[in-house]
Engineer: 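Can you keep this structure in mind? I'll have questions shortly.
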Amino acid sequence: MQSIAVIRRRADFIAANRGLRVARPGFVLLAHPNDGKGMRYGITVTKKVGNAVVRNRMKRRFRELLRAALPEHGLPDHDHVLIGRDRGIERDFAKLAQELDEALARAAEGKGDPPRRRPRKGDGGKPNQARTR
């Protein structure tokens, strides 16, 4: 069995953001090849999710989910990053585990979600439209 390490460097989290993205209601999974550094995981929960108590609880739940799922379903020599969403804290633990298994299966197949379109500054998030004066 391959050991599972924890991602600690910011550069590794940023690199993982360039990888495959699989969104689920409670979290977003990022999977990115890491050039033979083994199977690793990282967890990110922003302040948008809640206060420190809520964020730490969510991180504990994610840590346990990853420890259970990665040995069987994780991608070898990949970084796996879970980004917490605000609906993740109230989701049932068994449901989160099922969603993580599905997300890892999609990542193994190479079926990520399409990249998000970020609005450019000044367009107000609207699609391209001809401007009239």
Engineer: Mind checking whether I4 and Y41 have side chains closer than 4.5 Å, heavy atoms only?
Structural biologist: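 Yes. Closest side-chain heavy atoms under 4.5 Å.
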Engineer: Nearest heavy-atom pair of A31 and L75: which atoms, and what distance?
Structural biologist: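 Minimum heavy-atom contact is CB-CD1, 3.9 Å.
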Engineer: From R9 CZ over to I14 CD1, what is the distance, rounded to the nearest 0.5 angstrom?
Structural biologist: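 Those atoms lie 10.0 Å apart.
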Engineer: If you take all heavy atoms of M39 and H80, which pair is closest and at what distance?
Structural biologist: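 Minimum heavy-atom separation between M39 and H80: CG-CE1, 3.6 Å.
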Engineer: Can you name the nearest heavy-atom pair linking I83 to F62, along with the distance?
Structural biologist: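 Nearest heavy atoms, I83 then F62: C-CE1, 4.4 Å.
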Engineer: So, taking the atom named OG1 in T44 and the one named CE in M58, what distance separates them when rounded to the nearest 0.5 Å?
Structural biologist: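 It is 12.0 Å, given to the nearest 0.5 Å.
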Engineer: Salt bridge check: are D12 and R40 linked by an N-O gap of less than 4.0 Å?
Structural biologist: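 The answer is yes: the pair qualifies as a salt bridge.
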Engineer: Where is the tightest heavy-atom contact between A107 and L29, given as atom of each residue plus distance?
Structural biologist: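 Where A107 meets L29 most closely, the heavy atoms are CB-CD2, 4.4 Å.
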Engineer: Enter the distance from R63:CZ to I43:CD1 here, rounded to the nearest 0.5 Å.
Structural biologist: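 Reported value, rounded in 0.5 Å steps: 5.0 Å.
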Engineer: Going from NE2 on H32 to CD1 on I7, what distance comes out if it is rounded to the nearest 0.5 angstrom?
Structural biologist: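 Spacing of NE2 (H32) from CD1 (I7) equals 10.5 Å.
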Engineer: Is the closest side-chain heavy-atom distance between E64 and R60 below 4.5 Å?
Structural biologist: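 No; the side chains remain at least 4.5 Å from each other.
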Engineer: Do the non-hydrogen side-chain atoms of L96 and F27 ever get within less than 4.5 Å of each other?
Structural biologist: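 They are in side-chain contact.
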Engineer: Specify the closest pair of heavy atoms between R85 and R24, including all atoms of both residues, with the distance to one decimal.
Structural biologist: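 R85 and R24 have their closest heavy atoms at NH1-O, 2.9 Å.
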Engineer: Just so I know, are the side chains of L66 and L100 near enough to count as touching, which here means a heavy-atom distance under 4.5 Å?
Structural biologist: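 Yes; the side chains approach each other to less than 4.5 Å.
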Engineer: Do R57 and V53 touch side chain to side chain, with heavy atoms closer than 4.5 Å?
Structural biologist: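 No - every pair of side-chain heavy atoms lies 4.5 Å or more apart.
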Engineer: Is V6 reachable from L70 through a run of hydrophobic residues whose side-chain heavy atoms are each under 4.5 Å from the next?
Structural biologist: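 The answer is yes; both residues are in one hydrophobic cluster.
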Engineer: Hey, are the side chains of R21 and V28 touching, using non-hydrogen atoms and a 4.5 Å cut-off?
Structural biologist: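 When only atoms from C-beta onward are counted, V28 and R21 do touch, with a gap below 4.5 Å.
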Engineer: What distance separates E109 CD from L20 CG, expressed to the nearest 0.5 Å?
Structural biologist: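 If we round to the nearest 0.5 Å, E109:CD and L20:CG are 10.5 Å apart.
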Engineer: What's the shortest heavy-atom distance between A23 and D113, and which atoms?
Structural biologist: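 Taking A23 first and D113 second, the nearest heavy atoms are N-OD2, 2.6 Å.
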Engineer: Does the side chain of L65 come within less than 4.5 Å of F93's, by heavy atoms?
Structural biologist: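 Side chain of F93 against side chain of L65, heavy atoms only: contact under 4.5 Å found.
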Engineer: Report yes or no: does R106 contribute a side-chain atom to a donor-acceptor pair with the main-chain N or O of V22 at less than 3.5 Å?
Structural biologist: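 A pair under 3.5 Å: no.
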Engineer: Indicate yes or no: at least one non-hydrogen side-chain atom of D35 is less than 4.5 angstrom from one of D77.
Structural biologist: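 D35 does not reach D77 side chain to side chain.
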Engineer: Under 3.5 Å, side chain of R91 to main-chain N/O of P25, donor-acceptor pair present?
Structural biologist: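 Here the side-chain-to-backbone pair does not exist.
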